[in-house]
There are 2 protein chains.
Amino acid sequence: MKEYNLKTIKHIAEKVQLSVSTVSRVLNGKTKKYRISDKTSELVLKAAKELNYSPNLLARGLRLSKTFTLGYITPDIANPFFSRIADNVEKYARQKGYSVVLCGSEEDTNVEKSSVKILADRQIDGLIISPVSQEIQHILDLRKRKIPIVMIDRYFPDMGIPFVTSENYKGAFESVKYLIESGHKRIACIQGLKNTLPIMERVRGYKTALKEHNIEIDETLIVGDNFSEQNGYIETKLLMKKANSPTAIFGLSNLISFGAMRALKEEGLSIPNNISLITFDDLPYLDFLSPSITAVEQQGNEIGNIATKILIDQIETGRSYESEGIFLPTKLTIRNSVKKI
Amino acid sequence: MKEYNLKTIKHIAEKVQLSVSTVSRVLNGKTKKYRISDKTSELVLKAAKELNYSPNLLARGLRLSKTFTLGYITPDIANPFFSRIADNVEKYARQKGYSVVLCGSEEDTNVEKSSVKILADRQIDGLIISPVSQEIQHILDLRKRKIPIVMIDRYFPDMGIPFVTSENYKGAFESVKYLIESGHKRIACIQGLKNTLPIMERVRGYKTALKEHNIEIDETLIVGDNFSEQNGYIETKLLMKKANSPTAIFGLSNLISFGAMRALKEEGLSIPNNISLITFDDLPYLDFLSPSITAVEQQGNEIGNIATKILIDQIETGRSYESEGIFLPTKLTIRNSVKKI
DNA sequence: ATGTTTTGCACAAACGTTTGTGCAAATGAT
DNA sequence: ATCATTTGCACAAACGTTTGTGCAAAACAT
């Protein structure tokens with residue numbers, strides 16, 4: 001295998017006996033502006049092709065203070081909700097000429113902070129993030145550097161940072177309403193991370209639905225504190241041991257509900273006969289379970305696309321996004337996991 | 001909000017009235033080598049902290065020809081098999097001080113080519129890739145530039161490029177053996193992309209198992225040609241319309257089998273009474289379906305971790321990996337989707 | 001006091017780009 | 001033939017680092 005020396009603009013310049021500036025201008029299509037003759041232009045292009053030239057994006061980035069790089073910080077890329085978003089973020093970005101560097105926050109603010117710093121040091125042009133907590137100074141710091149940011153799923157309102165999320169309140173409200181209309185009164189709600197807005201909004205939807213139907217809110221039925229499968233599992237176990245156990249569970253995320261299902265199965269409780277279930281996040285397999293599970297669908301694809309579009313728009317126009325938050329409608333897909341009682 | 005000017009080494013130098021070289025050396029902990037006094041060292045560190053200095057990784061990368069960046073090219077990050085791998089790749093890399101830029105290939109060689117080029121231009125230190133096809137010149141070109149590469153899942157043997165994959169042959173062999181021992185003779189096999197090695201190996205395992213049990217191979221039962229859910233769906237529909245339809249289906253990936261299940265459900269065929277099913281790729285929900293689905297588990301976490309470890313080892317030692325391929329064992333988890341006949 | 005070694009740092013080049021400006025040569029006008 | 005304009009390109013600086021080398025001043029030795 002023969003040694004392969006990376007070619008630079010300089011090599012082209014030497015080969016065609018021109019200056020690097022001329023070569024650069026030709027390669028960047030600025031021949032008119034700098035009055036490069038067609039003859040030299042062709043010469044340069046031919047040489048570039050022959051040498052298999054490819055620009056060093058580090059150097060360009062350094063010079064231009066523009067890297068065509070986006071950061072994407074996600075709590076858990078293995079979660080299908082986030083991986084679907086990542087898929088769309090990456091595709092959209094690539095189509096627009098941007099690359100995305102993927103960083104995990106592992107649902108841990110300190111990890112998130114260090115990921116933000118790494119991305120900042122890499123001089124990203126913009127950031128997409130689903131922030132772990134309400135601790136956001138590191139994100140505001142980024143903004144001070146004039147780096148556009150878009151939040152996904154989780155967000156902070158009134159900070160002037162645009163976000164794309166679902167109609168969490170409405171989605172939860174409709175679900176619980178449906179449960180109530182099916183005759184349920186003791187409805188448990190297993191939360192994700194408590195101080196995230198989607199969860200706060202979903203819980204608010206849950207509570208409002210109960211109130212509107214004159215059902216007293218039993219705080220002992222509002223349990224859980226993170227997005228893990230384990231959380232769903234444990235809380236379900238505990239719920240079902242209660243003296244006055246619920247007749248329905250509303251799981252506020254896919255993993256939580258999965259944990260709930262695992263617990264119910266272990267306990268020999270059947271859905272929907274012994275207990276009804278509705279979950280946030282729809283996934284294809286939910287339709288194949290017995291019973292199939294009623295779910296609140298979020299538009300993961302659109303969330304990713306829109307967030308990336310907004311971000312790139314901000315980067316390229318310099319304008320900050322006019323309307324702060326975008327709430328995408330959810331859809332309650334009714335299946336067979338809720339019993340009429 | 002006050003303007004925030006990014007601080008450079010130069011600003012520190014001015015502030016403490018020293019040269020940039022001294023500052024750089026202090027910041028890089030090279031005080032002994034260059035005999036920087038403790039006094040100046042402390043002075044510099046203090047100033048750096050005060051100014052909230054953070055290094056520009058582009059500039060450093062340019063100077064050092066080392067970016068601490070890995071590329072990860074995957075056919076479909078939304079596929080849980082790949083997103084799990086991505087999760088582990090990113091975590092391992094981060095722990096070792098590397099970032100990963102995520103690129104999709106969309107199961108398309110041309111997209112893959114352009115992704116490779118983008119990453120190369122970004123001067124990545126190494127690449128992890130699940131190549132789409134056997135067309136690999138672009139990957140060999142990367143290698144000519146001395147950029148270490150590790151292949152995941154899909155690979156080409158005997159090219160001197162290390163890879164981490166599953167024991168596809170054995171996993172398939174065991175599955176089909178199990179089907180045969182359950183009394184099945186007409187076993188269909190729905191493939192993914194035909195010219196990928198995992199598929200070739202799985203099909204080989206399938207065929208060998210049949211042969212060893214003196215069952216004639218019926219090529220019309222070997223169908224399908226890509227990894228999509230649709231492929232599984234369509235091929236299953238066609239299979240079940242056949243005069244002599246199979247009694248069992250072996251789906252060679254999670255999405256394929258999911259498509260198969262959808263088709264079977266639509267056709268009103270029940271698993272395992274009307275047809276048995278085994279799938280490659282285990283996922284948590286398979287245990288919750290009725291019936292639960294027998295599956296060949298691949299160690300996604302380990303694949304990601306090992307591949308990243310190998311890659312970074314190569315980058316940092318400069319040695320190419322001694323043994324070319326790593327085959328991780330699969331595990332057949334027997335559930336209730338196969339009927340004894 | 002003189003010579004030698006050590007200490008402590010600064011200078012400048014380099015990594016590969018992009019771009020404002022300057023300056024000959026070619027072209028045009030009269 | 002002379003002057004003005006246009007054409008076509010080169011020079012050099014800059015982006016923020018890192019690092020080989022050079023050179024005073026300080027410390028030491030005699």
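So that the names make sense, note that chain A is the first sequence line, chain B the second, and so on, each numbered from 1.
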Set of side-chain hydrogen bond (donor to acceptor under 3.5 Å, both in side chains) partners for B:Gln17, sequence neighbours left out: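 Residues passing side-chain hydrogen bond (donor to acceptor under 3.5 Å, both in side chains) with B:Gln17: none at all.
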
What about the rings of A:Phe163 and A:Phe327, do their centers lie closer together than 6.0 Å?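 Yes, the ring centres sit under 6.0 Å apart.
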
A:Ile85 side chain near A:Ile152 side chain, heavy-atom distance below 4.5 Å: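 A side-chain contact exists here, since the closest heavy-atom pair is under 4.5 Å.
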
For [N] and [X] - does any side-chain N or O of the residue sit under 4.0 Å from the phosphate oxygens OP1/OP2?
| X | N | result |
| --- | --- | --- |
| A:Thr40 | D:dC9 | yes |
| A:Thr8 | C:dG16 | no |
| A:Tyr34 | C:dG20 | yes |

Can you tell me the distance, in whole Å, between the [atom1] atom of [X] and the [atom2] atom of [N]?
| X | N | atom1 | atom2 | answer |
| --- | --- | --- | --- | --- |
| A:Gln123 | D:dG16 | CD | C1' | 9 Å |
| B:Asp121 | C:dG16 | CG | P | 14 Å |
| A:Leu57 | C:dC15 | CG | P | 18 Å |
| B:Ile12 | D:dG16 | CD1 | P | 13 Å |
| A:Leu62 | D:dC15 | CG | P | 9 Å |
| B:Ile9 | D:dG16 | CD1 | P | 11 Å |
| A:Leu51 | C:dG16 | CG | P | 14 Å |
| A:Ile36 | C:dG20 | CD1 | C1' | 14 Å |

For B:Arg35 and for A:Arg35, locate the closest nucleotide of DNA chain C by heavy-atom distance; then report the residue assigned to the nucleotide nearer the 5' terminus.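 The 5'-side residue here is B:Arg35.
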
Can you pull out every salt bridge (charged side-chain N to carboxylate O under 4.0 Å, His left out) where at least one residue sits in residues 93-104 of chain A? Sequence neighbours excluded, please.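 Passing the test, one end in residues 93-104 of chain A: A:Glu90-A:Arg94, A:Arg94-B:Glu106.
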
Among residues two or more places apart or on two chains, list those pairs meeting salt bridge (charged side-chain N to carboxylate O under 4.0 Å, His left out) that have a residue in residues 130-140 of chain A.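 Of all non-adjacent pairs touching residues 130-140 of chain A, those that pass salt bridge (charged side-chain N to carboxylate O under 4.0 Å, His left out) are A:Lys113-A:Glu135.
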
[options]: which one has an atom nearest the side-chain heavy atoms of [X]?
| X | options | value |
| --- | --- | --- |
| B:Ser19 | C:dA10, D:dC15, D:dT17 | C:dA10 |
| A:Leu18 | D:dA10, D:dT19, D:dG22 | D:dA10 |
| A:Leu64 | C:dG16, C:dT17, C:dT19 | C:dT19 |
| B:Arg60 | D:dT17, C:dT17, D:dG16 | D:dT17 |

Across the strands shown, which category fits B:Ser54 at heavy-atom distances under 4.0 angstrom: base, sugar-phosphate, nothing?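 B:Ser54: backbone/sugar contact only, no base atoms under 4.0 Å.
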
Within residues 20-33 of chain B, residues whose heavy atoms come under 4.0 Å of DNA chain C: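 Close to the strand are B:Ser21, B:Thr22, B:Arg25.
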
Residue list, side chain to side chain contact (heavy atoms under 4.5 Å, CB included) with A:Ala86, at least two apart or on another chain: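 A:Tyr72, A:Ile77.
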
Which pairs would a plain distance check flag for residues 118-127 of chain A, meaning a side-chain donor or acceptor within less than 3.5 Å of a matching protein atom at least two apart in sequence or in another chain?
from: A:Asp121; atom 1: OD1; to: B:Ser54; atom 2: OG; distance (Å): 2.5
from: A:Asp121; atom 1: OD2; to: A:Lys117; atom 2: NZ; distance (Å): 2.9
from: A:Asp121; atom 1: OD2; to: B:Ser54; atom 2: OG; distance (Å): 3.2
from: A:Arg122; atom 1: NE; to: B:Ser99; atom 2: OG; distance (Å): 2.8
from: A:Arg122; atom 1: NH1; to: B:Thr67; atom 2: O; distance (Å): 3.3
from: A:Arg122; atom 1: NH1; to: B:Thr69; atom 2: OG1; distance (Å): 2.8
from: A:Arg122; atom 1: NH2; to: B:Thr67; atom 2: O; distance (Å): 3.4
from: A:Arg122; atom 1: NH2; to: B:Phe68; atom 2: O; distance (Å): 2.6
from: A:Arg122; atom 1: NH2; to: B:Ser99; atom 2: OG; distance (Å): 3.2
from: A:Asp125; atom 1: OD1; to: A:Thr67; atom 2: N; distance (Å): 3.1
from: A:Asp125; atom 1: OD1; to: A:Thr67; atom 2: OG1; distance (Å): 3.3
from: A:Asp125; atom 1: OD2; to: A:Thr67; atom 2: N; distance (Å): 3.3
from: A:Asp125; atom 1: OD2; to: A:Phe68; atom 2: N; distance (Å): 2.5

